[in-house]
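Before any comments, here is the structure.
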Amino acid sequence: MKLYEFEAKEILRMYGVGVPESILVLPGDDVAAKIKEAGLEPPLVVKSQVLVAGRGKAGGIKLVKTVEEAVSVAEELWKKPIKGILPGALLIEKAVPHDVELYTSIIIDRSERRPVILASAFGGMDIEEIAREKPDSIVRLYVDPFVGLRGYEAREVGKKIGLKGKVLNSYASFLQVMYKVFTALEAELVESNPLAISGERVVPLDARIIVDDNSLFRHRELLEKRKVEQRGEFTEWEVKGRGQGLPFVELDGDIGIIGNGAGLTMATMDLVYHFGGRPANFLDIGGGARSELVKKAVSFLLEFPKARKVFINVFGGITRGDEVAKGIVEAVRESKAGKPLVVRLSGTREEEGRKILEDAGIYAYKDPVEAVKKVVSL
Amino acid sequence: MKLYEFEAKEILRMYGVGVPESILVLPGDDVAAKIKEAGLEPPLVVKSQVLVAGRGKAGGIKLVKTVEEAVSVAEELWKKPIKGILPGALLIEKAVPHDVELYTSIIIDRSERRPVILASAFGGMDIEEIAREKPDSIVRLYVDPFVGLRGYEAREVGKKIGLKGKVLNSYASFLQVMYKVFTALEAELVESNPLAISGERVVPLDARIIVDDNSLFRHRELLEKRKVEQRGEFTEWEVKGRGQGLPFVELDGDIGIIGNGAGLTMATMDLVYHFGGRPANFLDIGGGARSELVKKAVSFLLEFPKARKVFINVFGGITRGDEVAKGIVEAVRESKAGKPLVVRLSGTREEEGRKILEDAGIYAYKDPVEAVKKVVSL
Amino acid sequence: MAVLVGSETKVLVQGITGREGSFHTKQMLEYGTKIVAGVTPGKGGSEVHGVPVYDSVKEALAENPGINTSIIFVPAPFAPDAVYEAIDAGIKLVVVITEGIPVHDTMRFVNYAKSKGATIIGPNCPGLITPGQSKVGIMPGHIFKPGKVAVVSRSGTLTYEISYMLTREGIGQSTVIGIGGDPIVGLSFTEALKLFEKDEETEALVLIGEIGGDMEERAAAMIKRGEFTKPVVAYIAGRTAPPEKRMGHAGAIIMMGAGTYEGKVKALKDAGVLVAETPFEVPTLVKKALEERKS
Amino acid sequence: MAVLVGSETKVLVQGITGREGSFHTKQMLEYGTKIVAGVTPGKGGSEVHGVPVYDSVKEALAENPGINTSIIFVPAPFAPDAVYEAIDAGIKLVVVITEGIPVHDTMRFVNYAKSKGATIIGPNCPGLITPGQSKVGIMPGHIFKPGKVAVVSRSGTLTYEISYMLTREGIGQSTVIGIGGDPIVGLSFTEALKLFEKDEETEALVLIGEIGGDMEERAAAMIKRGEFTKPVVAYIAGRTAPPEKRMGHAGAIIMMGAGTYEGKVKALKDAGVLVAETPFEVPTLVKKALEERKS
């Protein structure tokens, strides 16, 4: 779950970080009144709250010198899609005078199986850009997950990106808070970029947090407290899919794709491309799907307008062929879409599944290549 | 810092434990109205909120069958001192029907340097009593502080005290919450005794938490949220002393005692006893005391009415003789009590201190035995 | 004896009374796997398909001291505790089938396992099989056959797909390991390669990767350094997946510029690995590799 | 060379620029202790009494590789981090003077130190001294003299008191260790006894205990088992302290029925230890014990 900038900053504030003073503007709010009520003095920064990266370059962040300007910029940003997506809210905050912008993030390093801190004296750019343009500036520190980030280690990172004296201590404290948030929220990413040096303090001008979806059952408050409807990351149909618990990703083609297992589903997409087709989506029913889930997924694609035809590729392990077949048959029976459907079925309870499908007049391929060629040709 | 039962239960509730429904009654509250407002149905238990152990036996816990009875018992308990101390509040909670009472606590084992869980199927008694009467019933489990309490370990403890099936799982979950509280609050003790088995659930009928005073700087909320003034643990003069930051313990004799270091101060008390005197208190100025602290401590004892005379025994290490001497001289200069004062001074900056004292007309002994004999004889 | 599992493997099933645990216990027993005990807290004393059930791993081990492997079907919120229970009881191979375990939990138990000398396979994996000897996982047993080609894969169903093709082409497998699709797994490609390098029965290896992470790149580097000397055929899924979109529950998300399809394929090719364009080329390339090795 | 510290000891002072750190650096230097470096984050580059100050332990060690001991004067909220910094840099003896460290912190760093093979003295302790060679602590140096009697104590000022009496009676000390008054300390009585058992210069030992905990009882059991064979004289403070009242900041609180004065004295006497009724009997008993040993 990606958190909005304003949510991430609220969390940092809870942990004692001095984030810039700000107000959150929701659709329909009177911007001028809210600014005055909060006593926010220009210059201000008006920021589009979307969950896609590269917001600054796409014109989603504007510096304004007066309240009037803030109002007109807000009107403009409400209407301005960032990478195709409109903002869920606007954050208006006091501009922080500063000269230096740092980069700092904490992620999990998959190979080392430990949290790693990435820091650079060159903030404001993406980490990819920094890695390209100033690769030597990136300081890495691996953290022992049973021990946590030590104060002296945080100071070491700060020192290596060139900080000294009181700013160094301020940076080290901030980094320790970032680490606390990282573990408390079970985050995949905690990032501040740019992180400004303002006088003797460090101030996060931006903040990003991605919480591990698998851990959300322990962090219900994040969903419950959400003031803004989930958008700015997903398309209309992706939001619909997620609402039904389907990990559905929309793509540009016309062949609806269902697979079991992310690897097989991706390989199916690759194969469709290989034979000249274009997938309309990615939809992985995972391991051990029961007929209800299969039915839900098939019905969803039968409704999904971009998918002119639907391809189902299942190789059963923990997933059983009979459950898959039952789900398909029920979905088709209840649908009025009349879209062409190609099924390929192998593995656990393959024969039972094949029988169920054939009884309902649906042919099930054994060979995926044949099946893919068929669906592309339709 | 000892927490009141109601505070401990509030914390357990925050962590998801089903504690008995209850209301807190403060001085001046209308008990009947509060019970009705909360919709609490008798039978109820009215419990004196004091911070001393052995409250049940001292008559501080009463079962009542009607609201009227609750009102009259409350009136009685307000006036009933428990081990010399009046309650800070009353807790009135729904009686929980149960047959079995367990004992469970978590403390730090000093020798093993790890948290240890103590559990017994025989609750309701003190752990000392259990240790005396049912020593074999006590189950001990040491916890690795870097790893925490595992679920399977919690189940193992429950199984060893004879629990099975759903009660076992309920007990294991409760024990894991206790451990979470233990670490989150940096507690010295988390205890539930009795912990009742009610149907398939375990319900803490009582709960005690002692938070490490040294960690309170990280747990200010405990002090800030406290609804009840600190009493029920300390005498009037102990509260005064603590208010001034002095670790003052009141005793029964007439010789006021100040020492530096708990060991030396206790040894001084022991020596006073040995030579036939009786200490009026324990007051340790600790290591590295500066003159302001010494002055505060001496002034405090000069005012403390039980102390007919005052004995100061300092052997300087990190504490410096000159600082001690300055503090004594200033305290005596400003005091009108005119109590006899005996000082013994050795160690770091002994000569400088001795000189300051002698300039003010105060003799400083070198030999503590001589000094003790002197103060006892006065 | 191939790697990690074989005829000596004696298995404990944690979460044996659940739907998946019970179903796959039956499947594994039918395959010939030696399943000697199961654990479900609170259900001790019962039986599942003739396998005795205990309340705790300690009790299961006390009665069945030969247990050397555990397979875990416990739901995600409780799975980490089951892993710790297995490791603390001294079991040295723990196969975690469970999907949806929080990554911070996995990070901790994988590090803990390493400190105790235990190997974790998974989580979110199909398990592993040494065909004809022991299946400790949820893969359909009939699609494998004993042989000399190792398969190591991040994807469950793709493993089946490709192994089945190998089998149909007459190419048997030494050991097939589904290492799991989560961002952090207990056994990485490089660690698996180390095991197969030492295994005399393995003559070639099929590596099935995905976009995201840098496990394939690390395996490529290891091969390039000459630390894995047998022929390798690779297939990488996700060539056509858009960047920064997460594909299902998988670890397949391309972040921070690392882990692209192109990057992985380049690294593997540079190390001399034969890279298949589609899964269906794999058997052909394996045959080619084995022939080259012989000549 | 007595135990733990001696003429080879090279000391780093963490928190050297603070009031206590600076004062006791001077005192230790005057005693002859080899203090080679100090650390205060943010104050690197300065000097305290001629000792160079660094920003981090790592930097101090890079410039002064001979450092083998650290003494910590850092305030309680930051002291644990200073301990970890010292241990992680490879220092094997860390003396923690700081008072008021939360006990959960101490529990963790003491366990961590053990796992890394480092010894912690303290916290909340006066440090340790091998008279005439090295003083790593805050005790007044002039009250000690070199000799053959070890002193190990939970109480700072009582240590001074009793050592000074020994000195005045002509009984010198091998090494004097104030192990600290907190509920959890890095070096326990039994661990200290193990060190002194092996030390050839030590002929007898004075143990200064307090009510609370069971460290004295454990030392008694060890002596009874014959694992410490030299004569022991003990004094236990707190005979007249009321139970369940906490005496100052000390670990002296009698809880759960363990750690009473009577229990400790009985255990020690049962083990053949001479127990002094007041601190002032200690020198007499030590003389007696040494004479008995000779005969």
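The sequence lines fix the lettering, A, B, ..., with proteins before strands; numbering per chain opens at 1. Note that the structure is predicted; figures quoted are calculated from it, not measured.
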> Non-hydrogen atoms of chain B under 4.5 Å away: do they reach the side chain of D:Phe280, the backbone, both or neither?
Replying inline: side chain
> From B:His274 NE2 over to D:Glu281 CD, what is the distance, rounded to the nearest 0.5 angstrom?
Replying inline: 6.5 Å
>> For B:Arg110 versus D:Gly212, what's the shortest heavy-atom pair and its separation?
In response: NH1-C, 3.7 Å
> Where is the tightest heavy-atom contact between B:Met266 and D:Ala241, given as atom of each residue plus distance?
Replying inline: SD-CB, 4.2 Å
> In terms of heavy-atom pairs under 4.5 Å, which option from D:Glu277, D:His142, D:Glu191 contacts chain B the most?
Replying inline: D:Glu191
> If you look at every heavy atom in B:Pro115 and D:Met107, which pair is closest and at what distance?
Replying inline: CD-SD, 3.5 Å
> Roughly how far, to the nearest 0.5 Å, is the OG1 atom of D:Thr159 from the CG atom of B:Leu264?
Replying inline: 9.5 Å
> Should the pair B:Phe146 and D:Tyr112 be assigned to parallel (<30°), tilted (30 to 60°) or perpendicular (>60°) ring geometry?
Replying inline: tilted
> Say you draw a straight line from OG of B:Ser346 to OH of D:Tyr164; how long is it, rounded to the nearest 0.5 Å?
Replying inline: 6.0 Å
>> Between D:Arg168 and B:Asp367, does any side-chain N to carboxylate O distance fall below 4.0 Å?
In response: no
>> To the closest 0.5 Å, what do you measure between CG (B:Asp144) and CG (D:Asn111)?
In response: 7.0 Å
> Which atom pair, heavy atoms only, marks the closest approach of D:Pro140 to B:Phe315?
Replying inline: CG-CE2, 4.3 Å
>> Check this for me: B:Lys374, atom NZ, are more than 12 non-hydrogen atoms of other residues, nucleotides or ligands nearer than 6.0 Å?
In response: no
> Got a donor-acceptor contact below 3.5 angstrom from the B:Arg113 side chain to the D:Thr106 backbone?
Replying inline: no
> Nearest 0.5 Å, what's the CG-NE2 distance between B:Asn214 and D:His104?
Replying inline: 11.5 Å
> Any idea which of B:Gly347, B:Ala131, B:Pro368 has the most non-hydrogen atom pairs under 4.5 angstrom with chain D?
Replying inline: B:Pro368
> Does any heavy atom of chain D fall under 4.5 Å from the side chain of B:Asp252, the backbone, both, or neither of them?
Replying inline: neither
> Considering all heavy atoms of both residues, which atom of B:Gly263 and which atom of D:Leu158 are nearest to each other, and what is their separation?
Replying inline: O-CD1, 3.5 Å
> Has the side chain of D:Thr157 got a donor or acceptor atom that lies under 3.5 Å from a matching backbone atom of B:Asn260?
Replying inline: yes
>> With a sphere of 6.0 Å drawn around NZ of B:Lys180, does it hold more than 12 non-hydrogen atoms of other residues, nucleotides or ligands?
In response: no
>> Please classify the contact of D:Val110 with chain B as side chain, backbone, both or neither, using a heavy-atom distance under 4.5 Å.
In response: side chain
> Are more than 12 heavy atoms from other residues, nucleotides or ligands located less than 6.0 Å from atom CZ of D:Phe78?
Replying inline: no
> Can you name the residues that form a side chain to side chain contact (heavy atoms under 4.5 Å, CB included) with D:Glu20, not counting sequence neighbours?
Replying inline: B:Ile318, D:His24, D:Phe73
> Are D:Arg218 and B:Glu112 close enough for a salt bridge, meaning some N to O gap below 4.0 Å?
Replying inline: yes
> Measuring heavy-atom distances to chain B, does D:Ile101 have an atom under 4.5 Å in its side chain, in its backbone, in both, or in neither?
Replying inline: backbone
>> Is D:Ile236 close to chain B through its backbone or its side chain, or both, or neither, when contacts mean heavy atoms under 4.5 Å?
In response: backbone
> Which pair of non-hydrogen atoms, one from D:Pro102 and one from B:Asp212, has the smallest distance, and what is that distance?
Replying inline: CA-OD2, 3.1 Å
>> At a 4.5 Å cut-off on heavy atoms, which part of B:Arg278 comes close to chain D: side chain, backbone, both, or neither?
In response: neither
>> Could you check whether atom NZ of B:Lys366 has more than 12 heavy atoms from other residues, nucleotides or ligands sitting under 6.0 Å from it?
In response: yes
>> Are the side chains of D:Ile143 and B:Glu350 in contact, using a 4.5 Å heavy-atom criterion?
In response: no
>> Do B:Ser111 and D:Thr190 have side chains that approach each other closer than 4.5 Å (heavy atoms only, starting at C-beta)?
In response: no
